[in-house]
Every structure is written in C-alpha cells, then in structure tokens.
Amino acid sequence: MSSRVPLTYGKKVIELFKNPKNVGKIEGANAEALAGSLACGDMIAIYLKVDETSDKIIDAKFESYGCAANIAAASILTEMIKGRNLSEAWKISWKDVSDELGGLPQVKYHCGVLAVGALRRAIRAYYEKRQKPNWLPKELSQEERHALEEEKLMEILAKRSQK
Amino acid sequence: MSSRVPLTYGKKVIELFKNPKNVGKIEGANAEALAGSLACGDMIAIYLKVDETSDKIIDAKFESYGCAANIAAASILTEMIKGRNLSEAWKISWKDVSDELGGLPQVKYHCGVLAVGALRRAIRAYYEKRQKPNWLPKELSQEERHALEEEKLMEILAKRSQK
Amino acid sequence: MIYSDLSKSIKELIEFHGIPKREVYLDYENSGLIIPEALRAMEEAYKFNGRGHPSITHLPGWLSYESLFKATSIFASIINCNPEEIVYTHSGSEANNLAILGSAVISPKGRRKIFVSSIEHLSVIFPAERLEERGFKLIKIPVDKEGYIDLDFISEHVDDETLMISVGIVNHEIGTIQDIKALRDITKDKNKEVLIHTDACAALGRIKLDMKELDVDLASFSSHKVYGPKGVGALYIKEGVKLEPIIYGQLSTQKLWPGVENVPGILGFSKAVETIYSNFTEYKSKMIELRDMLINSILNNIDHTLLNGPYGDKRSPDNINISFIYCEGEALTVELSMNGIYVSSGSACTSRVLEPSHVLLAIGRRYEEAHGSLLMKVTPFHTKSDMEYVLEVLPRIVNRLRSISPVKPSNR
Amino acid sequence: MIYSDLSKSIKELIEFHGIPKREVYLDYENSGLIIPEALRAMEEAYKFNGRGHPSITHLPGWLSYESLFKATSIFASIINCNPEEIVYTHSGSEANNLAILGSAVISPKGRRKIFVSSIEHLSVIFPAERLEERGFKLIKIPVDKEGYIDLDFISEHVDDETLMISVGIVNHEIGTIQDIKALRDITKDKNKEVLIHTDACAALGRIKLDMKELDVDLASFSSHKVYGPKGVGALYIKEGVKLEPIIYGQLSTQKLWPGVENVPGILGFSKAVETIYSNFTEYKSKMIELRDMLINSILNNIDHTLLNGPYGDKRSPDNINISFIYCEGEALTVELSMNGIYVSSGSACTSRVLEPSHVLLAIGRRYEEAHGSLLMKVTPFHTKSDMEYVLEVLPRIVNRLRSISPVKPSNR
Ligand SMILES: Cc1ncc(COP(=O)(O)O)c(C=O)c1O
Ligand SMILES: Cc1ncc(COP(=O)(O)O)c(C=O)c1O
C-alpha cells in the first residue's frame, strides 16, 4: 500500500487521539453540523449548546471519523470554544487549531480546516432561524469553502470509481 | 578504470604465463615475423629455425608483449610446431591453439589469432627467397587478415587520439 | 517541514509512544526482518569477499565472482531457470522499471501497446504511464472483485501491435494469485511476440515459482521482500529476450545495470531464498494457519468487515487485507502501534496521493471501504500467540473508533 | 561462456593461483574493504531498525525515520549542507544518472547544451551520450596533460543555451583535483542558470568537501568508495534545484528514487564517512606518505615509467597511476595477483571495449602508455610495510615481462 508519508504528529495530537475530550452528541443541542464524508475518509460533526441570551457556548462536543489528527483537531477545537461567544468562536482559524495542537504536519492541515469548517457550519446553523449578527459573513469562509470542495471532489471521484 | 571483464583463464594459460617455454630470439633463425603492435597492446614475434632440406622446424622461439593469454598462446604454439613440417605448422588454426590451452575466454580469442598470424607470416617470410610450395595460399589466411586489420585499426585510432 | 523540526517531533512522538510491552510486526507490505542466515552470509561476504568484486584480474575478484556465481546458481535452481537468465538490480522497483522501460526502448516499430493489470505495484504502473506519455498506448487490464484479471479482455484486445503484458503473479495488497500460465497461453495465441512480464516480488517465498513452467519472458524479484537484505533486486530474463539498459555506466557481470555489484547483498539474498525454500512446505502451512486464524476470527467476530481479495487456496499464504467499515485506516494503524501491533493501511490518509489504494478501488471497493482497510502479512516466524494478541487488541480499537464516529453502523 | 563452464574455469584458476602468503589489496578503484564501524552500524540497523522503514504510521517506522534522519544529518554536516539537500540512490552510478538525466528531463526549451569533461567516469559520460542521441548537444571539455580542465574553453563556449556542466572534483583514475570553484565562477559568469554537477565519488574521504564553499548545484557520492557498504549512493541537490525522477514507483522519504530505502546501508554509509572525517588530518597525511613512497620509489627505480596525473598536493592523497612502458597492464595485474598484490589497469585487455582507458588517452597518453598503466589506491589502513612489499615485487615483474617482449627499451 502507499503508506509512506512521515506522520510526525506531536505528542499533543497523539494524547488527544488516545483520550479525546468532549466526544459524543449533546442532548438538546441548539446547533450542529457535519463536514466531510465517509468517502473523504474524514468527517467531523460538531454539536453546540449555546446560551440564547449571551450567545455563549455552554457546551461543545464532537464526533469524528478520520485519522488521529482529525480526532485531535475536533477535540481541541471543542475545548477552545467552550465558554466563548459565537463571534469569538467564529474567528478561530485552522491555523489556530494547528498551533494549539503543537503544529500539524502539512499533509494534515486539512484536518484543522475540516474541524473549523464544521464549527462554522454549526454557527451558521444556529443563526438559521435567528437574527444574523453583523460579524457573520454572507460568503463562505476559507475553511467552509475547503470543506465543501473536498466533499464535492470526493463525490465525483467516488462516483467515477464505481462505474 | 574499465577492468571488469571476467578473465577466466584456465590453469594451463596461467602456468605458461608464469613459466613460458621457448622465450627469446634464435641465433641464426632463418625465418621470423611480428604481428600486432605496441598500440594494440598485443604483439608477438616468432623466430624459426627450419631445416632447409626437409622444411622441418628444428627450433621455435617467441617474444611477446601482451596479456597472460598472449604469452601463453605464443608459448604453446612454439611447442606445437617444433619438429613439424612447415606445411603442417601452417595448418594450425587459432582454434587449435585455444583448445591446446584448455580454451580461451571469448575476449581472448584474438591472442590465438595473433600468435597464428605471426607464425604464418614467418612461414611466408621463409619462402620469400625460396620456391613457394603449392600448399601456401596466395591470399592472406583468416588469422593473417585479422592481425593486419587489428594493426591498421590501432594505427588509425592511435593517430586520431594524438591529434 | 524541515529536518530539524521533523526530527524533534518524531523524537517527541517516539518518547510519548513508548516501547509497548508486547510487539507483533505485520507490516511486511513495506519491509521486515532479515533471516539471520542471510545476515550472516552478507557479513561473511563483507569480511572475506567484500573487498573484491567480480570479474577482475586478480584473486579477490575471482573469489567474488565464484561466490556470486554460486549464489546465483542456487537462486536460479530454486526458481528453475539458468543462472545466465538472472540480472541483478538494487531493488524490485528497479527490476520492474528495467523490464518495462528496457523492453520499450528497443520495441519494434508498430508494437506500441502495453497492457498492465489495474492492480499492479506502482513501480509497474508508473513506468508504463511514462511510456504512455512517450506515445505508447497503455491499456489497463480490468480485474474482478477478487482481483483476477479478465482473460477474455486479453484475448479480445491483444493484437499485432502489442509489445508487452505485465501482471504480477501474487498481488502485493490483496494476495490474489493469478493464473499466469493461462494469461501466457492466451496472449501468445494471439501474438507470440508479446513479452510477458510478471512482478514476482510479492510471490517469492510465498508460492513455488518455476520459470520453465510459467514460461514468462521477464520476472522481477526483491530481496527484502523475501527477508533478505535491502539493496538487491533481480530480473529473470528468458534466454533470447532482449532488453536495453535504462541507467548507463560501467557494466560488468551485470550486463544491464551499471555499477559495482552488491555482492554481499546478493549472497544474503540468495541465502534468504534458499532458507525459505528448503523449509517451504512447513513454512507455507504455518503461514496459512496464521493467516486463516486472523481472517476467520476477524470476519466472524467483528461486524461490518470485508475481506479484500480471494479466500482460501487462491490467496497468498501471508496476506490478510480486511476493510473495517466506519473506521479510518490511519487511526487504526496508529492506535494499533501504541499497542505494539504494526500494520499498514490502504487509507488515503497514509498515502502521498489524495486517493486511497488503487488496488482496492480496482476491485470495486468504495472509498470508505478502502479508507478502513488494514493490510497485515504474516511470516513463517510468527506464532499463534502473536495472532491471539492481535485478535485481543483489534476489536477493542475498532469499537472505540466506531464509537467516536458520527456515522455508526446502526444509523446508516 | 555459460555459467557452469565459467565457474569450473574460475575454480580451477583459484586453486592453481593459491592464497599468497602476503596480500596487499590496492584495487580501490573498483571496490574494497568496509570499515568495521560501518559494518557494525549496518548490522545493528538490521537487528533493531531494519524491520521498519521510514515514514510509516507505526513505531518501528518512526524509529527508522529517526535513525535515517540522524545518519543524514551527520553526513550533511560533514559536507556542509542541509540534510534536506541529500537524496539517496543505490549507487554512485545511479546518482550520476539521476543528476544528468534528471536535469535534462525538465530542461527549459533552448537549453540543450551539456558539457562534461573528457575524463569523467563512464556513469557521467554514458548518460550524457544518451542525451546526445535524444537531441542534446554534448560538448567534451578538453583537459591538459595532468587532467586539468581547460577553463578558457568553458568561458569561450558556455552560453545561453547551456543546460549543465559536469566535472568530477577528483578524477577516479589519475587523481587530479579540479578547481571546481573556479569552474563554477567562470560558468555562472557567462550564464547563471547553468547547473553545475560534480561527481564526488572519488573525492569523499580523500579531500575535504564543503558544499557551501563549492557552491555547486549537484554532487554525487558512493558509499562503497568511502569504505561503506555497497548498495548506497547519494546525490546532493542544492536547495531550489529541480530534478525529475528517472526511475518510477513508490516514493517515500526519497523524493527522487523509488522503492523502500536501504536504511541499514545508509546508516553504514554515514558511519563510514563519520569515521573517516573524524580522523581526517591523520588519515590524509598517512595516505600521502604511502602514496609518495610508492610514486617516488617507482619513478626513481624503474626505468621507462610515467606518472599519470599531477604530482604532489594537487593529486588525490590515495591515487597512484603509473605507466610501465613496454609492459602490458593485464599481464602485470595477473602476475601481481599471483604475488598477492591486487591492482587494476587501464589496459584495453582489461576492459570491455577495444580501447584502453579514455582518461589516459584524454591526457595525451599514447596507446602503449595506456596499455602499460597500473592504478593503485592506498587507504589510511595500509602500512609502510605493505608499500615495501609492493616495491620489492613490482620491479621483478616489470623486468620479467620486459625481458619477454619483442620491443625492448633499448631497441627503440
Ligand atoms: C509486488 C511488488 N513489486 C515491487 C515492489 C518493490 O520492491 P522494492 O521495495 O525492492 O523496490 C514491491 C515491494 O515494495 C512489491 O510488493
Ligand atoms: C568517480 C566515480 N564516479 C562514479 C562511480 C560509480 O560508483 P558506484 O560503483 O557506486 O556505482 C565511481 C566508482 O566506481 C567513481 O570512482
């Protein structure tokens, strides 16, 4: 098989992979979203419980199908956003996630992107039936765009290979 | 350097290379000839003392500049011809020399050719001032031709490289 | 990433990982142990023969030549060919490149079609794709769900323009043992000039190989795949088949690959092959026993698993390749490693290219099935207790990963 | 000749030859001893690291990676470059091929001129000649009587169309140490895009090498030439310089040469380089002492001898190449062998091609001078007493062969 990429995960990644924080769904979550797909080999679901008056994230959980970096990225992201306002949470970039993990190998940047993509989708989902705040951009952010592109690409590839 | 050919000399070749028979010139030789050249890296001189009435070879010696196979070929050829008539000696081919040596490696066939070439030239030299016998062909034999070709080729190559 | 960062992070990782109490190494798809006898043969050569190298005008050279000759004769007699039909390279990849590119260089006009199966090793597929860029026509032979090539496709498509066909006798990922003799007969029936190449890197040491019986034109081998030293490959070239070098320099006893021969490596390689084949019957049944122990237990005890490749006698004795659906392969390999079990995966996450294993896709596996695949190869030197350990650890890991996943077997 | 005959005749030869009482091996132009430290490093890798190979998703892979990293860093720091600038092949010949062919593959339009010196190793000249067949223009740089390249020629001929220049820093046959820095400056002055390649296979371990100072783009190395294991070569590729692979397959940490890395071999190679350079000052003066002992004594005591290559400091510390006029080189090597002295020769008789050493012809030696040449290379591990033995035996052999010859020094 083609397993020849140096996976130079830092200690933090492996630690969180072994013992991820905040795994699972949230009973009564008021926002959730998915990014990635089985075909991608990468999929992250983010569940948020947001305080309706303060827009503060009271609880955050995730589910992940993917590599060690994927699980670690989702785990650390949920830790980073707990207790923050949605507007602050929105500002977290894939790079912030990677830094918090002690640096991701280049081939694994997309794991950070996917985690942030899922989070931002969840935030958008939260505002779906609510008044949209000014800080929420209309256009897709970089991370959301990348997640979407990956999903579409895989759909095409997967279809092609099934022919 | 380019020294990468398997030299698979038989025991006989090495034995004669170490202790060649009939080395040197003959005092009062009545025939002698040279084949090859320094530039070829291969050169054999054959000296013959021939009984004028019987055309029998009474003594044969050689000098050689060349590889182990070259020295061995010249040595064994002088042994093969001693006591023979010139007509019999003429008939000895490079293949006979090779066989007598227990087989020469392919890259060394030309050593046998050169030895026989020198001998045949000596025989021709002998008949230079004498009545030529019927068995002596007018045209150059294979071995003589090859010796000549090698000499000419080397002359050209050597000249070219000196430019 | 630059070297010093890389090194720091790997060191950290190694430290954090720790040395597991129990270890079972199964990543023979990549590389593995060396047989002690082979290591010893190589060491002795370095001490006594290594100074010389064959074909020189002195004693150490002759001694080297003689030892090289002996080693080659032993290898040749095991695969039933003449020693003159063997040339050495430095790896199986090089042997495959030499076979494919070296035939193409001197291909006659009008013979520009090359067939390779869609599940070949990349060191067959990539050179063939290079030839495509240079104007050859590359045709990928389809395979069925177990990886068997479509023989009808060959009899339909091989024609006067066909130069060569390359199909591995044992597939390196899914263990499919092809019927190369049938392939050969069908091909030569259409055009007897077609060169038949088989990549036998994953076959040597796993099945008996007989060049006379297979009657192929070219066959590739790799030393480290048969538990010999690294740095040695070999190509069988049937008498009369012509190739051109593809790397240029001083040729010596190796008439197609330049440079000083790796004589000590070659002696180690030959010794490894000899050791395996002198215990072949025993080793083979040992491997089959261990293989089936893993396959049967995993398929029976872990849900949503799929065997990749054929089951039973038509499968290479060493090969276990199973997809764990709803699990991602890299995560599996990393967690297995932390438990001392070392395997590889067909997941895209563990490859340089975006896509998962081309072999699994070619047999019709979906992306998610390929992503969740694990490849393990047993050797005659593994024990039942090794397998028991794997069977104890693996279900736990699969369960944990599935429990984290947003897509569960149940909610699909 | 078929193998079985060959084997029979070699066995006979070995038996007849016998093991000489005293042996001095000097054929380092071909191959030679391995440093015990290097052999040990390789053995240990096979025992502990060898199972894994770098860059895999498990512990043995990470351990392998780490050891590969360490070995490369040591080698890189000795030749003063970054470890990222090293790629491994399996031989010096492969490194040279990769440098030359791998640059040409992606050469920009209009850059089709390649310069190589006329005394390069065949693994540089042959790939360059292949490129000539593919439409490149090959220009051989002339050399003077000592083997120095003509720098004026370069400044006259290098132009906008020039793609690359390849000149070995130490010539493998005549030991000439080129001024690569001057070559570089003159070349880049004419066209700063020109790639400068130097074959450093004969230089490593003999002179100090500093990639930053030399400032070349590409440099080739061979492990067994520096008393390391066989099966390892390396190419220095300056940061930013682009090459394409010339052999295709699975790439891993080696981004230009496919196949599983020869990690144990690489560890042995690095250890050999480290061992030599940590004793460099001592080793160098030792080699120079032995070299000059041989050269001076032969030139002084045997008539009609010619030193090939420069004398003194500008000559590689290990290299002795002398023509014995009126003697043929192969005969010399064989008789020396029977006396336990193992050397090589530039005679046509010892080469596959009709002609004698192209290096000797290029420096203006006549054919008969080239035919009578002997090449000996000393190591730091030889002794004065070894040299004394050579000096005792050699004159006797030269005299005997001259006495058999039809052309004597006197009658010319
Ligand atoms: C089927 C097959 N072909 C070729 C190769 C390449 O061999 P190597 O690693 O010696 O280049 C391998 C192993 O990696 C293989 O399994
Ligand atoms: C200058 C030079 N270049 C290249 C090579 C080739 O190295 P290798 O034998 O590792 O292919 C050699 C040695 O033979 C050499 O001396």
Side-chain angles (χ1 to χ4, degrees), chain C residues 2-3 6-7 10-11 13-14 17 25 27 30-34 39 43 46 50-53 56-60 62-63 65-66 69 73 82-84 90-94 97 122-123 126-127 130 224 230-231 247-251 258-260 262 264-265 330 333-334 337 342 344 350 352, chain D residues 2-3 6-7 10-11 13-14 17 25 27 30-34 39 43 46 50-53 56-60 62-63 65-66 69 73 82-84 90-94 97 122-123 126-127 130 224 230-231 247-251 258-260 262 264-265 330 333-334 337 342 344 350 352:
Chain C
I2 62 164
Y3 246 66
L6 207 56
S7 166
I10 288 186
K11 269 196 199 124
L13 188 56
I14 290 171
H17 187 291
Y25 186 94
D27 188 14
N30 284 307
S31 200
L33 63 72
I34 188 169
L39 184 58
E43 287 165 354
Y46 270 118
R51 274 197 324 188
H53 63 100
I56 295 305
T57 54
H58 54 56
L59 183 66
W62 294 323
L63 289 170
Y65 200 98
E66 177 52 21
F69 167 76
S73 296
N82 301 321
E84 297 84 355
H90 295 111
S91 71
S93 298
E94 290 183 353
N97 273 264
L122 293 180
S123 59
F126 285 175
R130 283 298 156 129
H224 74 97
K230 293 171 174 64
I247 294 284
Y248 315 101
Q250 176 77 58
L251 296 171
V260 162
N262 184 355
E330 190 218 282
T333 61
V334 172
S337 173
Y342 310 124
S344 64
T350 62
R352 262 174 187 275
Chain D
I2 62 165
Y3 246 65
L6 207 56
S7 166
I10 287 185
K11 270 195 196 123
L13 188 57
I14 290 171
H17 187 291
Y25 186 93
D27 187 14
N30 284 306
S31 201
L33 63 71
I34 188 168
L39 183 57
E43 287 165 355
Y46 269 118
R51 273 196 325 186
H53 64 102
I56 295 304
T57 54
H58 55 56
L59 184 66
W62 294 324
L63 289 169
Y65 200 97
E66 177 51 21
F69 167 76
S73 296
N82 302 321
E84 297 84 354
H90 295 110
S91 71
S93 298
E94 290 183 354
N97 274 263
L122 293 180
S123 60
F126 285 174
R130 282 299 156 129
H224 74 98
K230 293 171 173 67
I247 293 285
Y248 315 101
Q250 175 77 59
L251 296 171
V260 163
N262 184 355
E330 190 216 283
T333 62
V334 171
S337 174
Y342 309 124
S344 65
T350 62
R352 258 171 191 279

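In this structure, the portion of Leu39(C) lying under 4.5 Å from any heavy atom of chain D is its side chain and not its backbone.
Between the OG atom of Ser91(C) and the CD1 atom of Ile247(D) there is a distance of 8.0 Å, given to the nearest 0.5 Å. Considering CG of Leu63(D) and CG of Leu13(C), their distance stands at 9.5 Å, rounded to 0.5 Å. Expressed to the nearest 0.5 Å, how far CD of Glu94(C) lies from CD of Glu94(D) amounts to 4.0 Å. Atom CD in Glu66(D) sits 4.5 Å away from atom NZ in Lys11(C) (nearest 0.5 Å).
Contact detail for Asn30(D) and Val260(C): the closest heavy-atom pair is O-CG2, 3.6 Å.
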Before giving the answer on side-chain contact (heavy atoms from CB on, under 4.5 Å), spell out for Ser93(D) and Tyr248(C) the whole-Å C-alpha distance, their side-chain angles and the decisive distance to 0.1 Å. CA-CA 8 Å; Ser93(D) 298; Tyr248(C) 315 101; over 6 Å; no

* Asked: So Lys230(D) and Tyr46(C), side-chain contact (heavy atoms from CB on, under 4.5 Å) or not? Walk me through it.
  -> CA-CA 9 Å; Lys230(D) 293 171 173 67; Tyr46(C) 270 118; 3.7 Å; yes

*Yes or no on side-chain contact (heavy atoms from CB on, under 4.5 Å) for Asp27(C) and His58(D), after CA distance, side-chain angles and deciding distance?*
CA-CA 9 Å; Asp27(C) 188 14; His58(D) 55 56; 2.9 Å; yes

Review point. Step by step, would you call Gln250(D) with Phe126(C) a side-chain contact (heavy atoms from CB on, under 4.5 Å)?
Key: CA-CA 9 Å; Gln250(D) 175 77 59; Phe126(C) 285 175; over 6 Å; no

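The greatest number of non-hydrogen atom pairs below 4.5 Å with chain D, out of Gly265(C), Pro258(C), Ser337(C), is found for Ser337(C). With chain C as the partner, the residue from Gly231(D), Pro127(D), Gly92(D) showing the most heavy-atom pairs under 4.5 Å is Pro127(D).
Contact of the Leu59(C) side chain with the Tyr342(D) side chain is registered, since non-hydrogen atoms from C-beta on lie closer than 4.5 Å.
In this structure, Trp62(C) and His17(D) have perpendicular ring planes: the angle between them is above 60°, well past the 30° mark.
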